[in-house]
Colleague: 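Structure in structure tokens, see below.
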Amino acid sequence: MTVRVRYAPSPTGLQHIGGVRTALFNYLFARANGGRFVLRIEDTDRERYSQAALQDIYDTFAWLGVSWDEGPDCGGPYGPYFQSQRLDRYRRAADTLLQEEKAYECFCSAKRLAGLRSEGARDGVVGYDRHCRALNEQQRSSYRAQGITPVVRLKIPDQGAAAFDDMLLNTVKRKCKDLSPDPIILKSDGFPTYHLANVVDDHEMEISHVLRAQEWLSSTPLHILLYEALQYEPPRYCHLPFVTGKDGQKLSKRHGATSVIEFRKQGYLPEALINYIALLGWSYDDSREYFSLAELEKVFSAEKLNKAPAVFDYKKLEWFNGNYIRESSDERVLELIRPYLQAARFIPKDADTAEAGVVRAAIPLVKERLKTLSEAPGLLRFLFEDVTGAYNAEELVPKEMDAAGTKTILLAVRPLIAAQDDYDGEALEAEFRALADRHNTKLGNVMMPLRVAVTGSRSSPPLVGSLRLLGTERALQRVDAAIAKL
RNA sequence: GUCUCCUUCGUCUAGUGGUUAGGACACCGGGUUUUCAUCCCGGCAACAGGGGUUCGACUCCCCUAGGAGAUGCCA
């Protein structure tokens, strides 16, 4: 059987970690099994539809490097891939069900339904009371004459059960009486609900496997009933566990960033996100966890999926990100951090400027210190801004020294720097060492005051390299400013 | 309330009847180092609880507890 899977997002918000993981697993499943990956836009909710959200779907996956074989942007033999352009098919399916009396029209007002819900909440009874199921043709005409457009509800049998075989959960069986009574499948605006639309489309698009989040598990029996009523063959289902925050609840804003675009803005690399997300509910073996997308496409297997929910660990993502930054070429890191430095107004928008040259030279100094790209401006600030106001005199003074001693050291360091022009790293360091010896102190007690003076912070990129990037003139100014503070 | 799913270190997980229960992140300690970071070494730390089945259970079954999800003219 040809594997055909789909990712079916609804363009109502930004692509978030959970959705992207579902998409990734579908994509990997298709790739690993020589199948096709389809993007289908489920834009049946006109209230929440957003053009920006649609664009975000395209942007997110382009950035991640995940592409589909068929979709609204690239076409394919099973189009259209916007559900809003497939309304006739849903209508036809609903009409068939109506004709065969497997569904019925319902004229209940939103108000009546809301009343039902609040009564239900009080009495512990939930769901529609099937009021319109008993309507006769005369009553229906009368409602229609009043200008009420009906919705279509599926008749859930009160006997029997719906069962399916989940790839992860094995046999799942639900009694019909435990299903929500007679759910709406076609709304009064002529649009289908998710239930009808996904069944019709998965069938027509010949989707073989549906990997989706476990939040759908409880409505899958309903979908099975729909497949039976429509006399379609259902696909193979695989309900993926949730991605949660630290508190075990569905990942949401209060846990931190959730949309991919936010991670992107914060300076995460796509390969880090892909690698980390792939490991949320999936594993390869007992030791390997470092994978490129291309490698995942080869080794992904649904048998290794986990059925327990996974907590999203921001720290581990950071660790992956730091690794991928370190593994990147200096040239790439330069390109990656450029926008951040531009946003900080450290370098102009033009690509090749003197400032860009300095940044290029700084990459080796900062690369292994970056967990996210957005940390770059902080590490390099001293190269672009005067930092003499960023610290106070106490920070200049090492623990085992006093202000006077520190001043002496800085005064002694000054001519060493003044004499530099090529900044031979080893030579300068040797001179600092000699100076420390002469003053009967540790190298650190020479370096720390100088570091604070030059970079404005007790932690910085390697000092000698930083001095070289700063240049003699500015370095001396800062040493003088530090001396003045003491 | 009802229905359902889930349960191995703090976190992600390996494990499919016999293991000193392995790895990674985090954390702690040590080393390298001019700070920070990288890197290296080491440490802490788990089978939710109770019953079975079995010569033997983390692994199979049942119950309990805890967590989560669904219960929309949203997906």
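Below, read A as the first sequence line, B as the second, and so on, with proteins coming before strands; counting in each chain starts at 1. None of the values given here were measured: they were computed from a predicted structure.
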Colleague: Distance only, no hydrogens: is a donor on one side chain within 3.5 Å (strictly under) of an acceptor on the other, for Asp202(A) and His223(A)?
Modeller: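 Per modelled atom types, Asp202(A) and His223(A) side chains form no pair under 3.5 Å.
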Colleague: Go through the N and O atoms of the side chain of Arg48(A) and the base of C74(B), and report whether any donor-acceptor pair is under 3.5 Å.
Modeller: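 Answer is yes: a donor-acceptor pair is held.
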Colleague: Is it true that a side-chain atom of Ser328(A) and a backbone atom of Tyr324(A) form a donor plus acceptor pair closer than 3.5 Å?
Modeller: yes
Colleague: Nearest whole Å is fine: how far is G15(B) P from Trp282(A) CH2?
Modeller: 12 Å
Colleague: In the strands shown, is C55(B) matched to any nucleotide by a Watson-Crick or G-U wobble pair with both distances under 3.5 Å, and which?
Modeller: G18(B)
Colleague: Can you establish whether the number of heavy atoms outside Lys407(A) located under 6.0 Å from its atom NZ is more than 12?
Modeller: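 For Lys407(A), atom NZ is not crowded (no more than 12 foreign heavy atoms under 6.0 Å).
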Colleague: Taking atom P in both C25(B) and C41(B), compute the distance separating them and give it to the nearest angstrom.
Modeller: 11 Å
Colleague: For A46(B) versus U19(B), give the span between their C1' atoms, rounded off to a whole number of Å.
Modeller: 15 Å
Colleague: Say you pick atom C1' in U20(B) and the same atom in U33(B); how far apart are they, in whole Å?
Modeller: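 Pairwise C1' distance, U20(B) against U33(B), rounds to 36 Å.
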Colleague: Which nucleotide in the list C6(B), G69(B), A24(B) gets nearest to the side chain of Glu289(A)?
Modeller: A24(B)
Colleague: Between Asp437(A) and Arg433(A), is there a salt bridge with N-O shorter than 4.0 Å?
Modeller: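 No, Arg433(A) and Asp437(A) are not salt-bridged.
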Colleague: In this structure, how many angstroms lie between the P atom of U11(B) and the CD atom of Glu318(A), rounded?
Modeller: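 My rounded result for the distance is 19 Å.
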Colleague: For atom P, what is the distance between U32(B) and A24(B), given to the nearest Å?
Modeller: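 The answer is 23 Å between these two P atoms.
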Colleague: Any N or O donor-acceptor pair under 3.5 Å from the base of A68(B) to the side chain of Lys250(A)?
Modeller: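 Side chain to base: no pair below 3.5 Å.
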Colleague: Whole angstroms only, please: what is the CH2-P distance between Trp319(A) and A37(B)?
Modeller: 17 Å
Colleague: Looking only at the side chain of Val464(A) (C-beta and beyond, no hydrogens), which of the listed nucleotides U11(B), C6(B), U34(B) gets closest?
Modeller: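 My answer, after comparing the listed nucleotides, is U34(B).
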Colleague: Starting from P on C6(B), measure out to CG on Asp166(A) and report it in whole angstrom.
Modeller: 9 Å
